[in-house]
Every structure is written in C-alpha cells, then in structure tokens.
Amino acid sequence: MPLMGVQPVRGTRDLLGEDQRRHAHVVATARRVAGLYGFDEWQTPIFEDTTVFARSLGETSDVVTKEMYTFADRGGDSVTLRPEGTAGICRALVSNGLTQSLPQKVFYAGPMFRYERPQKGRYRQFHQIGMELIGPAEPLADAEVIACGHTILTTLGVAGNVTLELNTLGDAASRAAYRAALVTHFTAARDALSDDSRMRLEKNPLRILDSKDAGDREIVAAAPTIAPFLTPQAQEFWDGLRRALDLFAVPFIENPRIVRGLDYYSHTAFEFVTDALGAQGTVLAGGRYDGLVADMGGPPTPAVGWAAGIDRLALLLADVPAPARPVAVVPLGDAAQAAAIGVLSALRAHGLRAEMAYRGNLKKRLERANRIGAKFAVILGEAELARGVAQVKDLDSGTQTDVALHAVTAFCA
RNA sequence: GCGGGCGUAGCUCAGCUGGUAGAGCGCCAGGUUGUGGUCUUGGAUGCCGUGGGUUCGAGCCCCAUCGCUCGCCCCA
C-alpha cells in the first residue's frame with residue numbers, strides 16, 4: 001500500500017490514461033462548438049481576491065460560508081481558489097475595460113475548488129467548462145446560449161440521456177412578490193417541514209422548492225408557482241425565451257421548481273439533468289445574471305451563461321476516441337539504429353505517431369510494439385540496411401513486406 | 001457538517017465458528033542466438049489502510065483514525 005503522504009489530497013485525483021482522454025475530449029469538443037457560435041476563450045486566474053466571490057455569490061450562500069478555499073497569502077491578503085467561473089469572468093470584463101465593447105462572448109474551461117464531501121461526480125478540485133454572453137438583454141441571447149450548450153451535449157453524444165428543464169425566476173419585482181407568497185405558504189405549514197427546510201425558510205425560501213424530502217414535496221406541490229407574480233416585462237421575456245428556443249429547435253420541459261444556487265440569477269434558470277449519475281444529476285446549468293457585472297464595480301450590464309461539470313460529462317461519455325495507432329521502429333544493431341532514427345524522424349515529420357524502444361532484442365521490441373497498439377513495425381537490421389530497405393510488418397495481419405527506406409513513410413501513412 | 005457500506009498483490013477479488021495469506025488478470029524470465037499478438041513452463045510481488053485493545057494466537061473481534069464509496073446537504 002502507498003506510504004503515507006503519497007496519495008492525493010481528499011477530493012482530488014490524478015487524470016491519466018482514459019480518464020484524461022475523456023476529460024480532454026469534453027473540453028476540445030466544447031471549445032470547438034463554442035467557437036462555431038462565435039465565442040472566444042478566456043483564461044482568468046485560478047485564485048482571486050476573496051471579495052470577488054464573496055460579493056457575487058451571496059454572502060450567505062453555502063459556497064461562500066463554508067466551501068471556499070480561502071487563505072491569507074504571504075503579504076496578508078485574503079485570496080480564494082475560485083469556486084466557480086462566472087465571477088472571475090465578470091471581474092476580468094471590468095478590469096479590462098470591456099464593458100465599453102459589448103457584447104462579449106466568452107468560453108472558459110478549467111479547475112474549480114469547493115470544500116465539499118466528495119461523492120460520485122463531485123470532487124473538491126473539479127473541472128468546468130462554461131460560457132458567458134455579456135451585454136444583450138434580449139431573450140434571444142438566452143436561447144442561443146442554451147442552444148450552444150445543447151449542441152455541445154449532442155456532439156458529445158450524451159444528449160439522449162439528458163433533458164433540459166427550464167424555468168423563469170422573473171425580474172427583481174416578480175421575485176420579491178413570489179418570495180413573499182412562498183414565505184406565507186411555507187410558514188403556514190412550518191411544523192410539517194423538514195428541519196433543513198425550516199432553515200431554508202429563513203435563509204433562502206426558494207430552495208425549499210427543490211427539496212428531496214418526501215414530506216416537503218407534498219407541501220411544495222401545493223405551493224404557488226411564480227407565474228401569477230410575473231410582471232408584464234418578466235412575462236414578455238419568458239414568452240420570448242420559449243419562442244426562441246423553439247426556433248433553435250431545442251427541446252425542453254418547463255419545471256417551475258428549478259431554482260439557482262447562487263444569488264446572482266434572474267429571469268432564465270435552466271438545468272440539463274440526467275438520472276445516470278445518482279445524486280449529482282445536473283450536468284450543465286445556468287441562467288441570466290443581469291446584476292453581477294454591476295456588483296463587480298462595472299456599469300449595469302445584462303448577461304447570461306452556464307457552466308457544465310467536465311467530470312460528470314466525462315462519466316456520461318459512451319466511447320472516447322482512441323489515440324492514433326503508432327508505427328514502431330525496430331532496429332537491430334547499432335548501425336541499423338543510426339539509420340532507424342532517420343526513419344523515425346521522417347515518420348514524425350509526416351504527422352505519423354512513431355516510437356522506437358530504447359533497448360531490447362527483436363522479440364522484446366515486437367512485444368512492446370504490440371503492447372503500444374502499433375499498426376506497423378518497421379524492422380531494420382544489417383541485412384536490410386545493405387539492401388536499402390526495411391521490412392514493414394503489418395501487426396494485424398502478420399504479413400511482412402520489403403519496402404525501400406525512402407518509401408517507408410508513404411507505406412505506413 | 002450528518003448517516004450507511006467498504007479498505008487483502010499493480011488491477012479485480014476470495015479468505016469458513018479467530019490458528020500467522022490465495023486466485024484470475026497484469027508483470028518478469030524461458031520454450032524460439034532476427035519475429036509480436038495465441039500456446040506452454042517457471043518466477044517475483046503483500047507493514048491484510050494506520051494506531052491501539054482483547055486473546056496463547058487477529059486479515060477475521062472491539063475502539064479510534066485516515067481513505068474510498070453511496071445517500072443527505074450543497075451544487076456543475
């Protein structure tokens with residue numbers, strides 16, 4: 001067993017082999033699709049001044065109060081490992097003066113950190129891709145961002161396992177009225193609520209709507225929805241969003257119980273969910289956050305975006321593209337090895353993956369060629385060298401052919 | 001932060017009512033001094049997660065601790 005101290009920190013893990021390939025495939029696919037929608041990639045720092053997150057996520061949210069990796073650096077400043085991506089993007093928008101050149105269409109990918117109890121699809125260092133469309137206030141923007149997420153899931157081949165659930169949180173006025181109605185409703189049933197939900201009644205009554213407690217669910221079923229509380233403007237936005245999603249041909253179901261965990265959301269809230277991942281069923285989620293850029297010290301700026309869990313998407317992928325099969329160059333003897341290096345370089349220069357072992361006789365080297373999944377072995381000994389050829393062995397069929405040295409690359413391509 | 005399950009070889013796991021460790025796969029070497037993938041012969045590998053306790057004796061029982069895992073919470 002490993003010595004103490006050589007295992008990764010709880011909630012972190014090493015990504016190698018197929019895990020890494022799955023991960024990379026998710027990121028590469030999302031990056032490409034986001035590009036098709038006109039989004040450019042940004043990279044922002046992995047840690048920020050603590051206020052960047054404390055201010056934007058809500059001072060009382062669980063993420064801020066008990067899940068952030070916050071520490072004083074050597075200069076005594078309080079910094080925090082980013083627990084999510086949106087706050088940093090908005091900070092960067094303001095820092096770089098880009099509130100003057102809107103819209104900005106941003107894609108990002110990278111690690112995030114939250115001190116939570118690890119679980120399937122949930123880690124302390126986890127990885128997200130995300131996109132933010134900053135500037136437009138039209139529901140068309142929300143629809144396009146959702147459509148892009150949908151295209152990414154489709155391209156990854158996981159859309160069949162996933163459904164889009166959509167809701168509106170209304171504007172500030174709608175939500176205040178709705179919140180008051182919910183407090184009235186749940187206070188009447190206070191004694192029947194779970195302990196957790198009694199707590200939520202104080203802190204974040206909307207959260208009771210997605211409680212998993214069976215008793216809560218009955219009370220929730222009788223709770224009002226936001227629809228009658230929507231202001232005319234909020235209603236118009238909500239109608240516009242659903243029309244636009246139809247035009248983008250993105251299927252969705254309306255779920256009035258969808259809520260967002262972070263405080264900065266308004267209007268649109270959506271989740272792509274699956275039942276294939278146990279309790280961690282949300283795979284891509286987001287919404288509109290018109291107040292956040294202003295919270296960050298910029299001018300009032302509407303925005304909409306989402307984030308998706310790379311680790312969770314990687315779990316859902318059916319098959320990952322395997323790396324290209326290499327060509328194994330197999331020299332016999334020192335003189336042959338000198339010539340073999342030339343062949344090796346030529347193969348690589350032509351874009352072929354090629355490897356040559358560092359030691360070993362013919363048998364050992366062919367064993368290795370087989371193990372790395374090589375398609376061809378290029379065998380080059382004294383005898384072949386004298387004739388200016390190599391024997392190229394097709395490792396699937398076992399057939400072996402004399403090929404002139406200068407033609408080896410073309411033969412293997 | 002709360003509750004359940006589980007930690008034995010590199011991996012997957014077996015190990016009886018306590019009697020001082022096993023299989024398969026993988027790995028290494030040979031059968032084949034210039035031919036792999038099949039076959040065959042042989043070999044190596046373990047602080048039985050860690051610390052303490054009970055016992056003549058603990059992989060097995062008890063306590064603690066760390067880790068993994070599932071659920072709650074939270075959230076992507």
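Atoms considered below: every heavy atom in the structure, side chains included; atoms not considered: hydrogens, waters and symmetry mates. Reminder, nothing fancy here: chain letters follow the sequence lines and each chain counts from 1. The model shown is predicted, which means the values in this text are computed figures rather than measured ones.
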S.K.: According to side chain to side chain donor-acceptor pair (under 3.5 Å), does anything in residues 42-51 of chain A pair up with another residue at least two apart or in another chain? List the pairs.
M.R.: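 Those involving residues 42-51 of chain A are E48(A)-R91(A), D49(A)-T51(A), T50(A)-S78(A), T50(A)-T80(A).
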S.K.: Based on Watson-Crick and G-U pairs with both distances under 3.5 Å, what dot-bracket line describes RNA chain B 5' to 3', crossing pairs as [ ] and inter-strand pairs as |?
M.R.: (((((((..((((.....[..)))).(((((.......))))).....(((((..]....))))))))))))....
S.K.: Does C74(B) have OP1 or OP2 sitting under 4.0 Å from an N or O in the side chain of R200(A)?
M.R.: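 Looking at the OP1 and OP2 atoms of C74(B), one of them is under 4.0 Å from a side-chain N or O of R200(A).
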S.K.: Can you list everything that forms a side chain to side chain donor-acceptor pair (under 3.5 Å) with D77(A)? Sequence neighbours excluded, please.
M.R.: none
S.K.: Can you name the residues that form a side chain to side chain donor-acceptor pair (under 3.5 Å) with Q104(A), not counting sequence neighbours?
M.R.: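 Q104(A): no side chain to side chain donor-acceptor pair (under 3.5 Å) contacts found.
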S.K.: R117(A) side chain N/O closer than 4.0 Å to the phosphate oxygens (OP1, OP2) of G71(B)?
M.R.: no
S.K.: Give every pair of a protein N or O atom and an N or O atom of nucleotides 37-39 of chain B that lie under 3.5 Å apart, one pair per line with the distance.
M.R.:
unit_1	atom_1	unit_2	atom_2	d
G37(B)	O4'	N370(A)	ND2	2.9
G37(B)	N2	D396(A)	O	2.9

S.K.: Enumerate the side chain to side chain donor-acceptor pair (under 3.5 Å) contacts for residues 123-146 of chain A, please, sequence neighbours excluded, ordered by first and then second residue.
M.R.: T86(A)-E132(A), Q125(A)-H127(A), H127(A)-D311(A), E132(A)-Y289(A), D142(A)-T268(A), D142(A)-R288(A)
S.K.: Looking only at side-chain N and O atoms, does Q119(A) come under 4.0 Å of OP1 or OP2 in G71(B)?
M.R.: yes
S.K.: My understanding is that only residues two or more places apart in sequence, or in another chain, count here; which of them pass side chain to side chain donor-acceptor pair (under 3.5 Å) with E18(A)?
M.R.: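 Scan of E18(A) (side chain to side chain donor-acceptor pair (under 3.5 Å), adjacent residues dropped) gives R22(A).
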S.K.: Mind listing the residues from residues 283-291 of chain A sitting with a heavy atom below 4.0 Å of RNA chain B? Number order is fine.
M.R.: V283(A), L284(A), A285(A)
S.K.: Does R325(A) pair with D396(A) as a salt bridge, N-O distance under 4.0 Å?
M.R.: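 Salt bridge flag = yes for D396(A) with R325(A).
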S.K.: How would you list, by chain and number, every residue that makes a side chain to side chain donor-acceptor pair (under 3.5 Å) with H150(A), sequence neighbours excluded?
M.R.: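 Here no residue qualifies.
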S.K.: Restricting to pairs with a member in residues 321-369 of chain A, which pass ring pair (Phe, Tyr, Trp, His ring centres under 6.0 Å), not counting sequence neighbours?
M.R.: none
S.K.: Tell me, please, which residues at least two apart from F248(A) pass ring pair (Phe, Tyr, Trp, His ring centres under 6.0 Å).
M.R.: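 For F248(A), no residue satisfies ring pair (Phe, Tyr, Trp, His ring centres under 6.0 Å) once neighbours in sequence are set aside.
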S.K.: Which of residues 306-316 of chain A have a heavy atom under 4.0 Å from RNA chain B?
M.R.: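 A307(A), G309(A), R312(A) - these, ordered by number, are the residues of the stretch whose heavy atoms sit under 4.0 Å from the strand.
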